[in-house]
Amino acid sequence: MLDINIIRDDIEKVKQTVINKNEKTNLDSLLELDSKRKSLLIECDDLRNTRNITSKKISELKSKKEDASDVIKEMKGVSDNIKQLEVDIKALTDELDSILLKIPNIPASDVPVGKDETSNEIIKECGEKRDYSFTPLPHWDIGKTLDILDFERAAKITGAGFTLYKGAGARLERALYNFMLDLHTQEHGYTEIFPPYLVNRASMTGTGQLPKLEEDMYRIPEDDLFLIPTAEVPVTNIHSNEIMSVTDLPTYYTAFTACFRREAGSHGKDTRGMLRVHQFNKVELVKFVRPETSYDELESLLSVSEKVLQLLGLQYRVLKLCTGDLSFAAAKCYDIEVWSPGVDKFLEVSSCSNFEDFQARRSNIRFRDDEGKVHHVHTLNGSGVALPRTMIAIIENYQREDGTVDVPEVLRPYMNGLEVIKKS
RNA sequence: GGAGGGAUGGCUGAGCGGUUGAAAGCGCUGGUUUCGAAAACCAGUUGGGGAGAAAUCUUCACGCGAGUUCGAAUCUCGCUCCCUCCGCCA
């Protein structure tokens, strides 16, 4: 949510933001609603003041055993007025809120303006491309041959877009997230969290998934709960409606969770194998920081995500997203894409975003500074990293001509020393 | 799922329907005192909205939402969460 004062000051800038982010929110009625609400509020406050003063008068009269019936009669009218005004104000507030909740965050000044991913800037490429003396196979072939990934049976059990990991495949998955959690907790100072996988509507609204993306979420209607699309939701909301102490900042959390996405509207696009699935695992990184530090914190967030890929020996590149590809809530975002020789593509495994105070306003997350003043924190999050595509990259990059797959060295301690995945 | 109890400021905990934004204690901050510290004493110590250049004024909030009333932390109803017991269960 944007600060209403920013909108009052420069609504044209906000309108431009809506366009640049490919949103459709209509802001035409916003300022009018806002000023109408304000004038009603003033009127209502005035009447309430009258009511408070008169109430005391009545109480004094009564304690002196004097007649107060005239004053009470007069007050009745005042009270009715207040009630009507309160109803009107509530209606205006609801209408305003429904618009405010649909206004995207304003991109940072150094974010390139662009319509779609073709305007993203590649800011660096890291790691060596491997040479193969053979044509590298895609992971769905390798997974099937080695009997470590089974898409057919997953589809039988649930449906398309789900994965069954088996044997060394399941073990490799487990090795990966344990490796990542250990790295972030032991080397990077993050506190490990294991949050609920189901969250309520307020949490989903707080981080910005709702109201916009309700169709993309799995929902339990009986309880109005949602399966988390990312650990960002429960972890960011850990501090919702709290005033943090300045000594708590920065706070770094990391969480391993499954993530659930309906992916409505993306059917048929990159769906082969586990390129795009409805349920996947991810190790998430979430930061709560002081506003003035948040862009530095974004850089260090990016670097710890990159560290994962570096240690895994994978080739990757980093993109700075343009306005059109930036998510609703983000002010700035870097994507990390890892190279997969079998699929022959770069695959997104992480998005590292600074939300500034956008989520903090929605979730009401604040801190008290050294002078005792209260401000919204800045929140950031990034994947550190998402598992399926990292798994794809490992399997495809580390494949050998004989069909076996080397286990990256850093994962071997997590694989009981296993060096090569062979058909069992 | 059934029965009962509860939800008040950073914490503990009072609170006849009418100067209670809220007693008291603890904690915290500042001051006095001290060579310094402790103790003692004094003062301060919730957040949001609005008006104002500011001082300041005003309004809202006692889990959440409705209602009764001239007036609600206090009464009524619904909901949520927490605790105890019973049932079911990984």
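Sequence lines set the chain letters: A, B, ... in the order given, protein chains first and strands last, and positions in each chain run from 1. Hydrogens, waters and symmetry mates are skipped; everything else that's a heavy atom, side chains included, is used.
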Would you mind reading off the distance between Lys83(A) atom NZ and rG71(B) atom C1', rounded to a whole angstrom?
10 Å
Just by distance, do the side chain of Asn237(A) and the backbone of Ser203(A) share a donor-acceptor pair under 3.5 Å?
yes
Polar side-chain atom of His139(A) near backbone of Met274(A) as donor-acceptor pair, under 3.5 Å:
yes
Give Lys73(A) one of three labels, base, sugar-phosphate or nothing, depending on what nucleic acid heavy atoms sit under 4.0 Å from its own.
nothing
Under 3.5 Å, is there a donor on one side chain and an acceptor on the other for Glu299(A) and Tyr334(A)?
yes
Keeping the roles fixed (side chain from Lys320(A), backbone from Asp110(A)), state whether a donor-acceptor pair exists under 3.5 Å.
yes
Pairing partner (Watson-Crick or G-U wobble, both distances under 3.5 angstrom) of rU84(B):
rA3(B)
Strictly by modelled atom types, are Lys423(A) and Thr404(A) linked by a side-chain donor-acceptor pair under 3.5 Å?
no
Any chance you could lay out the side chain to side chain contact (heavy atoms under 4.5 Å, CB included) test for Val308(A) and Ser350(A), step after step, and finish with the verdict?
CA-CA 11 Å; Val308(A) 174; Ser350(A) 177; over 6 Å; no
Less than 4.0 Å between a side-chain N and a carboxylate O, is that true for Lys83(A) and Asp80(A)?
no
Whether each nucleotide of nucleotides 54-64 of chain B has a protein heavy atom under 4.0 Å at its base (B), only at its sugar-phosphate (S) or at neither (-) is summarised, 5' to 3', as ----SSS----
Watson-Crick or G-U wobble mate for rA66(B), both contacts under 3.5 Å:
rU76(B)
Donor-acceptor check, side chain of Ser363(A) to backbone of Ala360(A), threshold 3.5 angstrom: yes or no?
no
Between Met75(A) and Asn5(A), whichever has its closest RNA chain B nucleotide further toward 5' is Asn5(A)
Opposite nucleotide pairing with rU12(B), Watson-Crick or G-U, both atom distances under 3.5 Å:
rA24(B)
Pair Glu214(A) + Arg201(A), salt bridge at N-O below 4.0 Å:
yes
Table of protein N/O atoms under 3.5 Å from nucleotides 77-80 of chain B N/O atoms:
none

When we call it a touch if two heavy atoms are under 4.0 Å apart, what does Ile42(A) touch: a base, just sugar-phosphate, or nothing?
sugar-phosphate
Identify all pairs in which a protein N or O lies below 3.5 Å from an N or O of nucleotides 44-47 of chain B, and state each distance.
| unit_1 | atom_1 | unit_2 | atom_2 | d |
| --- | --- | --- | --- | --- |
| rG47(B) | OP1 | Arg368(A) | NH1 | 2.6 |
| rG47(B) | O3' | Arg366(A) | NH1 | 3.1 |
| rG47(B) | O2' | Arg366(A) | NH1 | 3.4 |

For Thr163(A), is there any backbone N or O sitting under 3.5 Å from a side-chain donor or acceptor partner on Asp150(A)?
no
C1' spacing across the pair rA23(B) / rU74(B), given as an integer number of angstrom
15 Å
For a quick check of understanding: with a heavy-atom distance under 4.0 Å over all strands, which category does Lys56(A) fall into, base, sugar-phosphate or nothing?
nothing
Take His278(A) and Phe260(A) through the test ring-ring contact (aromatic ring centres under 6.0 Å, His included) and record every step on the way to the result.
CA-CA 5 Å; His278(A) 293 303; Phe260(A) 304 89; over 10 Å; no
Might you work through the ring-ring contact (aromatic ring centres under 6.0 Å, His included) test for Phe288(A) and His239(A), ending with a clear yes or no?
CA-CA 9 Å; Phe288(A) 301 81; His239(A) 295 295; 4.9 Å; yes
Identified pairing partner of rA43(B), criterion: Watson-Crick or G-U wobble below 3.5 Å
rU29(B)
Taking rU19(B) as the reference, what is the distance to rG1(B) when you measure between their C1' atoms (whole Å, please)?
49 Å
Scan every strand shown for a Watson-Crick or G-U wobble partner of rA53(B), both distances under 3.5 Å, and answer none if you come up empty.
none
